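Accompanying notes for the structure given below.
Keep in mind the model is a prediction, meaning the values are calculated, not measured. Just so it is clear: chains get the letters A, B, ... in the order the sequence lines come, proteins before strands, and each one is counted from 1. These values consider heavy atoms only, across backbone and side chains, with no hydrogens, waters or symmetry-generated copies.
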Amino acid sequence: MEMSKTYNPSEFEKRIYDEWEKNGYFTPKIDKNKIPFTIVMPPPNITGQLHIGHALDETIPDSIIRFKRMQGYVTLWLPGTDHASIATEVKIVDKLKEEGLTKAQIGREEFLKRAWAWKEKYGGRIVEQQKKLGTSCDWTRLAFTMDEKCSAAVKEVFVNLYNKGLIYQGKRIINWCPCCKTALSDAEVEYAEEPSFFWHLRYYFKDSDEYIVVATTRPETMLGDTAVAVNPDDERYKDLVGKTLILPIVNREIPIIADAYVDKEFGTGMVKITPAHDPNDFEVGLRHDLDAIRVMDDEGKMNENAGKYAGMDRYECRKAIVADLERLGNVEKIEPHAHNVGHCYRCGDTVEPIISKQWFVKMEPLAKPAITAVKRKSIKFNPERFAKIYYNWMENIKDWCISRQLWWGHRIPAYYCENCGETVVSKEFPKVCPKCGCEKFRQDEDVLDTWFSSALWPFSTLGYPNDTEDLKYFYPTDVLVTGYDIIFFWVARMIFSGIEHMKRIPFKDVLIHGIVRDSQGRKMSKSLGNGIDPIEVIDEYGADTLRYCLINGISAGSDIRYSQEKLEGCRNYINKIWNASRFVLMNCEGRKIKDISECKLSAADKWIISKLNSVIREVTVNMEKYEIGLACAALQDFVWSDFCDWYIELCKPALYGDDEKKKDDVASSLCYVLINTLKLLHPFIPFVTEEIYSHVPTAKGSIMVSEFPKYDLKHAYKKERADMGKIMEIIKAVRAIKTEAGAAPSAKVDMYVVTENKRPIISSETYFKRLANVNEVKFVAAKDEIGEKVVSKILGGAEIYIPLGELVDTEKEIARLKAELEKTENEIKRAESKLANQGFVAKAPKALIDGEREKLVKFNEIKQKILSGINELTN
RNA sequence: GGGGGCAUAGCUCAGUUGGUCAGAGCGCAUGCUUCACAUGCAUGAGGUCGUAGGUUCGAGCCCUACUGUCCCCACCA
């Protein structure tokens, strides 16, 4: 089948993906004699649709895995999806709301039924979208964080950590989202500065008209105050410690205590202490044995401890309390104040610090070896600077609140004896209470933080806790590719989990990428409406174009900008590849395509083979360093400039000639370069390369499982490379002469050459004819043999003269030569001053000094030639 | 309050261990209907590499300070 005239990706992408999948190319065959290469995919949420961030997140590892697969590794790219506890639950609740129902009304069992139905319905959607992108992951191993495998791992890990004392239940201050009605971990809270007020309140002493002033940003919490604290070193208040205050409105007696936590300099130096609603106050409360009085319920409404405010919403209550305090004369002043407020990362509601009984993971013992692993470079962050961010988090880590008051998720495997209240943590439902022998238990109502299961992903998906073949062969994985936004949520937790439970790091490299921004550098967001739907882009431009647009020119850790112009540029590049391939294949038709070792190769053939050889090395080296952007850039330069603009043009004289044998040789060389170029390109733009490859007569099978090109010293061809460089320089010079003189590029001209090395020029005459529209190449000993009306270009080692007759403007030519003279003289000056520098001659490497000397000689020669040229014209 | 990124041609960005490194793409100008491609070809204009010092024979590249800008972390009530 012929290749169609234009690049039309929609004609083949789907077909090709189906072929790959049908042939099982994505599924590795475990082979103990070969080296595995493994990547686990960051599991997208089942609530999600593929967005541009996913597209980037998946194109990078896909390029890496395709490269490694072609290099002969046994590659596994393991895909999966995440149950996304809160995100999914919120969606289900919303849907219930539309039906006029609540969670409580339908009950846990029915709710979970609906959640699973949701998963069945939407969980697969993103998978189909990933396939459109060309992701070469092993779908036979598709995992889900709540499938049997992963759930078994979660239970195993929970029980083990509990038995080691690393999971505990405690009543502590946690972040509470009144909207989602669940506890959150510290990582799940996002802080944003908001304009607010600083309320300065008067608290009177017991039986006195005197008062002190405390400042607060959350006046409603005063209902739960159980003390006022000052710094023990604060001379101003030393005498007040131990005195009793009367809490306004509530009329509770509260003491003034001394605690080092208080900053003397800030505010009034006196702090109201609310142990139930502030993490610091909670600590103070513990130290001073204060009561913790909760005044807010789980919905963010004031509770029975709030007296007459009970039932009010927290903000409503704030207003009411401030009004009441003002009326009572308890407000000293109110000043504007920018306040850092925590928000739920899922729903955006303001998070309340609330005292609550939750499950926690004790972090310090887990964090320590995880820090060491990175310090020792067992795990390497790329770019390295993200290791710092990681250390910063890990070294200051606090215990991880893992229980969530939700239904969708891994239910905590803790059971309470109905009789004596004993807690039993076990993988199975317990039979007998170890304490009282009773047989009745109820399971903890809560589920685990979504990230608890994500943390186990690199080994839970491979079969842990069972010692499976997969786990033995593929663990630890090789590289984790993800965005910097989830280093804390995910990367850090996988690292300590892998070390703790597998006794081995989960991956060797962490490749961090940035986020995709719009053309103006803004984050893509729903509210701005500047988001890009990757599926629409794929439908219009093809998956390869989108992929290339995302990875071309990226560097690790940096954000990238997406723009229509860039996208079109990438489409044009692929179109270029398409058409160059068409040209090669058209010229291979009916020809005898031989191995290049059996061909008589021209200088141009050897030149391109040598260039190809270099780019093979460059791509390979960069891909091994995960420098995808550099690999793409080097390749694009080779393909467009060397291969298309030069080599194909250099081949045309022979292809359009009548030497059939020569035509076979040129076609063979073109075909060789094309095949290897396609292979180099395949990891980045897999569809189009596969499609073209299928039309190449000498190519067999799928390019996806073909061997990646290898650098070969035999193909260095140093002499031909230098010769062709000279030829190309002359061609450019002739073109430039014509353009500058205002001659049409198509104007046939004679070319006079003064040179000591005629050989490469003689053998390249056809190139000058074809690429520079040269009539005839004539060698002369000196310029005066040519006559008047010539334009000259002095190159190192050759002088080029073109007689242009009437087109030669003597004045213009003199000016041009003078400009060139100036450039040359600058070069000479530069070289001279360098060589005059004692330090340079004494300390610089010899090759550099010699190079500088050679340059000086060369430019001096050129200078003389230009000078004589100017002289002649002036006379 | 800590920590980090970025600052190079009009725009978006490359510049690996300091020595042809001043680059690419887009845009711009001029010229091309040559049989792969106008989603193209050719030629060209454009930057004292944020500012000020320092190290070095030699600095976009290393060090220090500053300015601008973006981001992350942190309990300042």
Side-chain angles (χ1 to χ4, degrees), chain A residues 3 5-7 173 186 191 198 214-218 221 229 261-263 265-274 278-283 337 339-340 342 353 383 385-386 388-389 391-393 396 484-485 487-488 514 519 521 545 552-555 557-561 563 565-566 568-587 621-622 625 627 629-630 633 636-637 640-641 644-645 648-649 652 656 731-732 735-740 742-746 770-773 827 830 834 837-845 847-849 851-852 855:
Chain A
M3 278 175 73
K5 272 205 159 169
T6 50
Y7 162 57
I173 289 274
D186 293 340
Y191 288 88
F198 221 5
V214 293
T216 181
T217 52
R218 294 191 300 156
T221 63
Y261 149 69
V262 181
D263 181 350
E265 313 302 323
F266 191 82
T268 60
M270 303 196 104
V271 188
K272 62 189 255 332
I273 299 297
T274 322
D278 182 279
N280 291 308
D281 293 5
F282 177 74
E283 296 295 326
H337 180 73
H339 186 42
N340 216 13
R385 71 183 127 92
F386 286 102
K388 270 193 189 173
I389 295 178
Y391 295 140
N392 184 48
W393 194 70
N396 298 298
Y484 54 64
D485 46 339
I487 291 179
F488 305 139
S519 60
T545 298
N552 141 51
I554 57 165
S555 60
S558 303
D559 291 345
I560 64 163
R561 273 189 209 206
S563 69
E565 292 73 36
K566 205 172 184 176
E568 282 171 12
C570 295
R571 189 265 321 265
N572 295 353
Y573 173 46
I574 296 174
N575 183 63
K576 186 78 182 172
I577 294 167
W578 180 265
N579 276 294
S581 305
R582 268 182 64 222
F583 175 84
V584 173
L585 296 178
M586 275 164 54
N587 284 287
V621 166
N622 281 312
K625 291 191 290 190
E627 288 279 9
L630 294 180
Q636 178 166 336
D637 188 48
W640 208 318
S641 175
C644 295
D645 290 346
I648 285 183
E649 294 306 321
K652 283 180 179 173
Y656 298 151
I731 290 171
K732 281 188 182 183
R735 287 168 174 170
I737 284 171
K738 287 189 193 177
T739 306
E740 281 165 33
S746 53
R770 173 95 199 175
L771 274 68
N773 274 307
E827 287 298 321
R830 214 176 51 87
K834 256 193 169 174
N837 185 332
Q838 293 298 332
F840 178 74
V841 181
K843 292 185 181 175
L848 206 69
I849 300 167
E852 220 48 54
K855 243 189 270 178

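The neighbour count for A:Lys732 NZ, taken as heavy atoms of other residues, nucleotides or ligands under 6.0 Å away, does not exceed 12.
In this structure, B:G44 shows a glycosidic angle more than 90 degrees from zero, which is the anti conformation. In this entry the base of B:G23 is anti relative to its sugar, with a glycosidic angle more than 90° from 0.
A close approach under 4.0 Å does occur between a side-chain nitrogen or oxygen of A:His339 and OP1 or OP2 of B:A77. Under 4.0 angstrom from either OP1 or OP2 of B:A77 there lies at least one side-chain N or O belonging to A:His337.
Atom name P, nucleotides B:C62 and B:U17: the rounded distance is 9 Å, in whole Å. Only the C1' atoms considered, B:C11 is 28 Å distant from B:C72, to the nearest whole Å. Look at the C1' atom in both B:G23 and B:A45: the space between them is 16 Å, to the nearest Å. The same atom, P, is picked in B:G5 and in B:A65; the two are 13 Å apart, to the nearest Å. Atom name C1', nucleotides B:G2 and B:G10: the rounded distance is 38 Å, in whole Å. A gap of 14 Å separates the C1' atoms of B:A59 and B:U8, to the nearest Å. The separation of B:A9 from B:A22, taken at their C1' atoms, amounts to 10 Å, rounded to a whole angstrom. Look at the C1' atom in both B:G31 and B:A36: the space between them is 22 Å, to the nearest Å.
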How far apart are the C-alpha atoms of A:Glu852 and A:Val841, what are their side-chain angles, what is the distance that settles it, and do they pass the side-chain contact (heavy atoms from CB on, under 4.5 Å) test?
CA-CA 10 Å; A:Glu852 220 48 54; A:Val841 181; over 6 Å; no
Start with the C-alpha gap between A:Lys834 and A:Asn837, add the side-chain angles, then the distance that decides, and say whether side-chain contact (heavy atoms from CB on, under 4.5 Å) holds.
CA-CA 5 Å; A:Lys834 256 193 169 174; A:Asn837 185 332; 5.8 Å; no
Check step by step if side-chain contact (heavy atoms from CB on, under 4.5 Å) holds for A:Phe583 and A:Ile648.
CA-CA 9 Å; A:Phe583 175 84; A:Ile648 285 183; 3.5 Å; yes
If you apply the rule side-chain contact (heavy atoms from CB on, under 4.5 Å), what do you find for A:Leu771 with A:Lys652, and how did you get there?
CA-CA 10 Å; A:Leu771 274 68; A:Lys652 283 180 179 173; over 6 Å; no
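Scanning all heavy atoms of the two residues, the minimum distance from A:Met3 to A:Ser581 falls at CE-CB, 4.4 Å.
Both A:Lys834 and A:Lys625 lie near RNA chain B, and the one whose nearest nucleotide falls closer to the 5' end is A:Lys625.
Taking CZ of A:Arg830 as the start and NZ of A:Lys855 as the end, the distance is 4.5 Å to the nearest 0.5 Å.
If you check every strand for non-hydrogen atoms under 4.0 Å, A:Pro353 touches nothing. Nucleic acid contact class of A:Asn837 (heavy atoms, under 4.0 Å, all strands): sugar-phosphate only. Counting non-hydrogen atoms under 4.0 angstrom, A:Lys855 reaches a base of the nucleic acid. Using a 4.0 Å heavy-atom cutoff across all strands shown, A:Phe488 reaches sugar-phosphate atoms only and no base atom. Using a 4.0 Å heavy-atom cutoff across all strands shown, A:Gly342 reaches no nucleic acid atom at all.
With a cut-off of 3.5 Å on both Watson-Crick or G-U wobble distances, the partner of B:C37 is given as none. Using Watson-Crick or G-U wobble geometry with both donor-acceptor distances under 3.5 Å, B:U56 finds no partner in any strand shown. With a cut-off of 3.5 Å on both Watson-Crick or G-U wobble distances, the partner of B:U16 is given as none. Partner assigned to B:C21 is none, using Watson-Crick or G-U wobble distances below 3.5 angstrom. Applying the Watson-Crick and G-U wobble criteria (two distances, each under 3.5 Å), B:A42 pairs with B:U30. The pairing partner recorded for B:G47 is none, the criterion being a Watson-Crick or G-U wobble arrangement whose two distances lie under 3.5 angstrom. Taking a pair to require two hydrogen-bonding distances under 3.5 Å in either a Watson-Crick or a G-U wobble arrangement, B:G68 pairs with B:C6.
A 4.5 Å side-chain heavy-atom check between A:Asn773 and A:Lys738 finds at least one atom pair inside the cut-off. A 4.5 Å side-chain heavy-atom check between A:Phe266 and A:Val271 finds every atom pair outside the cut-off. Residues A:Glu283 and A:Tyr261 have side chains not in contact (no heavy-atom distance under 4.5 Å, counting atoms from C-beta outward). No side-chain heavy atom of A:Pro353 sits less than 4.5 Å from a side-chain heavy atom of A:Asp278.
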Strictly under 4.0 angstrom, non-hydrogen atoms only: write out the protein contact profile of nucleotides 3-15 of chain B, one letter per nucleotide from the 5' end, B, S or -.
-SS------SSS-
Encode nucleotides 28-46 of chain B as B, S and - characters from 5' to 3', where the letter depends on protein heavy atoms closer than 4.0 Å: B to the base, S only to sugar-phosphate, - to neither.
---S----BB-BSSSSS--
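Summarising the geometry, the separation between CH2 on A:Trp393 and P on B:A74 is reported as 9 Å, rounded to the nearest angstrom. Atom CG of A:Asn622 and atom C1' of B:U16 are 8 Å apart (whole Å). Look at CG on A:Asp637: it is 13 Å from P on B:G23, rounded to the nearest Å. Computed from coordinates, the A:Asn280 CG to B:A74 P distance equals 13 Å when rounded to whole Å. Rounded to a whole Å, the CG atom of A:Asp263 is 11 Å from the P atom of B:A77. To the nearest angstrom, P of B:G25 lies 8 Å from CD of A:Gln636. Whole-Å rounding puts the A:Arg830 CZ to B:C21 P distance at 11 Å. Atom pair A:Phe840:CZ and B:G19:C1' shows a separation of 7 Å (rounding to whole Å applied).
Taking the six-membered ring where the residue is Trp, A:Tyr484 and A:Phe386 present parallel rings, their angle staying beneath 30° rather than reaching 60°.
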